[in-house]
Protein chains: 2
Amino acid sequence: MTRKSHSITIRDVARQADVSVATVSRYINRNAPVSPEVAERISKVMAELNYVPHAAARHLATRKTRSIGLLLTTINYDFFTPLLSGLERVVAENNHNLLVATYRADLRKDYPPPVGPHNTDGVVVFADALQEEQLAQWYRMNFPMVLVHRTPPPYLNVPYVTIENKAASRKIVDHLIEVHGRRRIMFTRGLENHEDSHWRELGYKASLEAHGIPYDPRLIIRGEFDREVTYQEMSAFLANNHPDFDAVFASDDDSALGVIRALHDADIPVPEAVSVVGFDDQHFSCILPLPLTTVRAPTEEVGRMAGLQMFKLLQGEPADPMTLLPTEIVIRQSCGCNESQ
Amino acid sequence: MTRKSHSITIRDVARQADVSVATVSRYINRNAPVSPEVAERISKVMAELNYVPHAAARHLATRKTRSIGLLLTTINYDFFTPLLSGLERVVAENNHNLLVATYRADLRKDYPPPVGPHNTDGVVVFADALQEEQLAQWYRMNFPMVLVHRTPPPYLNVPYVTIENKAASRKIVDHLIEVHGRRRIMFTRGLENHEDSHWRELGYKASLEAHGIPYDPRLIIRGEFDREVTYQEMSAFLANNHPDFDAVFASDDDSALGVIRALHDADIPVPEAVSVVGFDDQHFSCILPLPLTTVRAPTEEVGRMAGLQMFKLLQGEPADPMTLLPTEIVIRQSCGCNESQ
DNA sequence: CCGGTTACAGTAACCGGTTACATTATTACA
DNA sequence: TGTAATAATGTAACCGGTTACTGTAACCGG
């Protein structure tokens, strides 16, 4: 064993196969003709030496990393499983790698994002993982990006894929009003700066307005898309003397769980006294004690679509500026309906 | 704009700061002293130019990728959210990147694994994502690996982290027998080649044996850790004339859900006629209509520990050959207990 | 005042691929 | 038969960092 335990390189293969490195490279990438006999020789030597091209060297030379990044704000929600799964499949099908990272632009202004032009060919950005300034900078350098659950600022032509939030929200609140006669409907706001929450709130307001119900800001509480936070907020709301209410539209299913628990603690019967509905139709929503009336969000499809758009960008094809995936409300029992299943 | 829209390199920084590239490199890596004034100049220029070192170039020179791989069999289970989350945190804390990939050794023998020595400094391998032969090969080349939910073959000294399956399984079956007087207990087997399932079955058998209950293979059905599969299998079991049973130990919580639904369809009251228990204590298990008696698996901790072991390996410190995380049974109501919460 | 450290900085080789350009042999065609 | 086009291959520069080696000046103890 020599002093360098160095790995086998393309030059080793070239020497053994008695050809030049260029030829080996061409054989590997099949981007120029190589005579059959030579191909055979190279192939044999590669197998013998167990040669695998060094990714970094390749990246350096081609300026392609063959990997794409996924930038999340957190990995706490079950929500991310389908997203990741959908994206990973597309990425793998295209023979690329997936770099998963978390980053909260608001918390780490001093550090650069863990994935970016330096280590990926493009990144899929979830919601507000990145601030506008960073998006703009990457946009200027033509770095491929796809936004999910976020609309780019109007001056940035970045493809985004998200779901139909407003119409579905409106529809589910319509349901509360029209079918169940609710008129004092609470809303548990999602995360600040999180667009989904914003649109859901707009849908909520639109429904109220359409039915001539005044908007009462006292019926809005914090939820942050988090079961615990919502539970705390809802409990606090109930503890103090609070305005009347007869329904809750939670900004997501996780939040709805917190609402239900708080109501349960306060001995308020659901759905008899208060209807509760959510958003997302998460994995668990149909198997709850009180199956949740909610909106089905095609999260896996969001991941898949984001991947498809990304590869369109990478192949120089025009990507769809906007992919808006349809949602549909699913009526179960937490609103007061009694679909026997 | 010149023909090359080339990115800014360390040489650009060096030129602007009027120092050599070596000095810039040393400043960036802080691996050799740099005078304060020069440091200041470099720092300023780097910020101005918005310079980020090119990862591939660095990899090539240092032969370190600063990224570690996670090799999964699938991303379908909610189970993976905590695993991923725990691992990602450690990886990020150590300033590395996380490459997530799926691979089924049994399905893709011809293709090499998507993560390996060519693009990572080490990989965390879940269960049977990789075959023994591949493990052995990487082991021979000293490639750092950590196994999760899998024991390495005895001749491979690869650290692994997993959870205590057998004792907890035995304890939960003991509970069914001792507290609820069950004696005809079914088991829904998890995935073939999946070690967890194997150990859980051993715990199950051990409990039976300790209580003098004969093992009846007719009480074992397929579950594959999957709600749907288990539902189908359990339904099929119930449809044909089947041996008596009074309890089911499902190999995981997802599977338990399938069991409960099948029993429900057949109008068999749970937990009155049949006790059902699971394993994992997933996110949803406590909020089910019938809160699940199960075993708490510290999955996030598994991810964290796997990461810690990996970085021990990378830093040349000795890693713990085995990390066995404790589990505990959590008694809720699906077994027949009636903990009012 | 002198030999030996030490702190700081620069030059250039090197990591392992890709590829522009050059070269040679072969085939096609007027 | 001469010439152009084409196929197959080789040479060497280049991608953007790191670092071994070298040099200089300041500092230190005797």
Side-chain angles (χ1 to χ4, degrees), chain A residues 2-43 45-46 49-67 112 116-121 141, chain B residues 2-43 45-46 49-67 95 116-119 121:
Chain A
T2 68
R3 77 211 130 80
K4 314 187 66 178
S5 75
H6 89 144
S7 52
I8 37 180
T9 75
I10 197 171
R11 285 169 233 267
D12 297 321
V13 176
R15 195 179 325 111
Q16 286 247 8
D18 198 31
V19 295
S20 73
V21 292
T23 303
V24 177
S25 174
R26 290 193 270 253
Y27 168 73
I28 292 171
N29 298 305
R30 282 148 171 73
N31 54 8
V34 170
S35 72
E37 317 90 78
V38 170
E40 170 68 19
R41 277 213 315 277
I42 294 176
S43 156
V45 172
M46 280 188 11
L49 298 185
N50 225 302
Y51 169 73
V52 180
H54 192 288
R58 209 173 222 181
H59 299 169
L60 185 56
T62 60
R63 336 201 80 249
K64 301 231 151 296
T65 65
R66 301 196 71 79
S67 60
H118 62 290
N119 58 2
T120 53
D121 295 345
M141 50 199 290
Chain B
T2 68
R3 78 208 129 83
K4 316 188 64 178
S5 75
H6 89 145
S7 52
I8 37 178
T9 74
I10 198 172
R11 285 169 233 266
D12 297 321
V13 176
R15 195 178 325 110
Q16 286 247 7
D18 199 31
V19 293
S20 73
V21 292
T23 304
V24 177
S25 175
R26 290 194 270 254
Y27 168 73
I28 292 171
N29 298 305
R30 282 148 172 73
N31 53 8
V34 170
S35 73
E37 316 90 80
V38 170
E40 170 68 17
R41 280 213 312 278
I42 294 176
S43 154
V45 171
M46 280 186 15
L49 298 184
N50 228 303
Y51 169 72
V52 180
H54 193 287
R58 209 174 222 181
H59 299 170
L60 185 56
T62 60
R63 335 200 82 251
K64 303 229 151 297
T65 65
R66 300 196 72 79
S67 61
N95 292 308
H118 61 290
N119 59 2
D121 295 345

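First the proteins, then the strands, lettered A, B, ... as listed; each starts at 1. In this text, all values refer to a predicted model and were calculated from it rather than measured experimentally. Basis for what follows: all heavy atoms, side chains included, without hydrogens, waters or symmetry-related copies.
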Find the distance between OH (A:Tyr51) and NE2 (B:His118) and round it off to the nearest 0.5 Å.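 The OH atom of A:Tyr51 sits 12.0 Å away from the NE2 atom of B:His118.
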I need the B:Thr65 OG1 to B:Arg63 CZ distance, nearest 0.5 Å.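 Answer rounded to 0.5 Å: 11.5 Å.
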Contact under 4.0 Å: [X] side-chain N or O vs [N] OP1/OP2:
| X | N | answer |
| --- | --- | --- |
| A:Thr9 | C:dG16 | no |
| B:Asn31 | D:dT19 | yes |
| A:Arg26 | D:dA8 | no |
| A:Ser35 | D:dA7 | no |
| B:Ser20 | C:dA9 | no |

Base, sugar-phosphate or nothing for [X]? Non-hydrogen atoms, less than 4.0 Å.
| X | answer |
| --- | --- |
| B:Thr62 | sugar-phosphate |
| B:Val21 | base |
| A:Thr23 | sugar-phosphate |
| B:Tyr27 | nothing |

Kindly say whether A:Arg15 contributes a backbone atom to a donor-acceptor pair with the side chain of A:Asp18 at under 3.5 angstrom?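 Not at all, since once roles are kept as given, no pair shorter than 3.5 Å links the two residues.
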Counting distance only, does the side-chain N/O of A:Ser67 pair as donor-acceptor with the main-chain N or O of A:Asn119 below 3.5 Å?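 Side chain of A:Ser67 to backbone of A:Asn119, a donor-acceptor pair under 3.5 Å: yes, one is there.
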Mind running side chain to side chain donor-acceptor pair (under 3.5 Å) on A:Arg58 and A:Asn29 for me, showing each step along the way? CA-CA 11 Å; A:Arg58 209 173 222 181; A:Asn29 298 305; 3.3 Å; yes
What is the distance from [atom1] of [X] to [atom2] of [N], rounded to the nearest Å?
| X | N | atom1 | atom2 | result |
| --- | --- | --- | --- | --- |
| A:Lys64 | C:dT19 | NZ | P | 11 Å |
| A:Met46 | C:dG17 | CE | P | 11 Å |
| B:Leu49 | D:dG16 | CG | P | 14 Å |
| B:Arg30 | D:dT19 | CZ | P | 15 Å |
| B:Ile28 | D:dG16 | CD1 | C1' | 11 Å |
| B:Arg15 | D:dG16 | CZ | P | 12 Å |
| B:Asn29 | D:dG16 | CG | P | 17 Å |
| A:Leu60 | C:dG17 | CG | P | 12 Å |

Any donor-acceptor pair, under 3.5 Å, between the side chain of A:Arg63 and the base of D:dG16, if you only look at N and O atoms?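 Side chain to base: no pair present.
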Can you check whether any acceptor in the base of D:dG17 is under 3.5 Å from a donor in the side chain of B:Arg11, or vice versa?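 Such a pair exists between side chain and base.
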Quick check: do A:His54 and A:Thr9 have side-chain heavy atoms less than 4.5 Å from each other?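 A:His54 vs A:Thr9: side chains apart.
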With both distances kept under 3.5 Å, what pairs with D:dA4, Watson-Crick or G-U wobble?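 Base-paired to C:dT27.
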Counting only Watson-Crick pairs (N1-N3 plus N6-O4 or O6-N4) and G-U wobbles (N1-O2, O6-N3), all under 3.5 Å, who is the partner of D:dG29?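 Paired with D:dG29, as far as the under-3.5 Å criterion goes, is C:dC2.
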Can you tell me which nucleotide in [options] comes closest to the side chain of [X]?
| X | options | value |
| --- | --- | --- |
| A:Val38 | C:dA9, D:dT9, D:dG10 | D:dT9 |
| B:Pro33 | D:dA7, C:dG16, C:dA7 | C:dA7 |
| A:His54 | D:dT18, C:dG17, D:dT9 | C:dG17 |

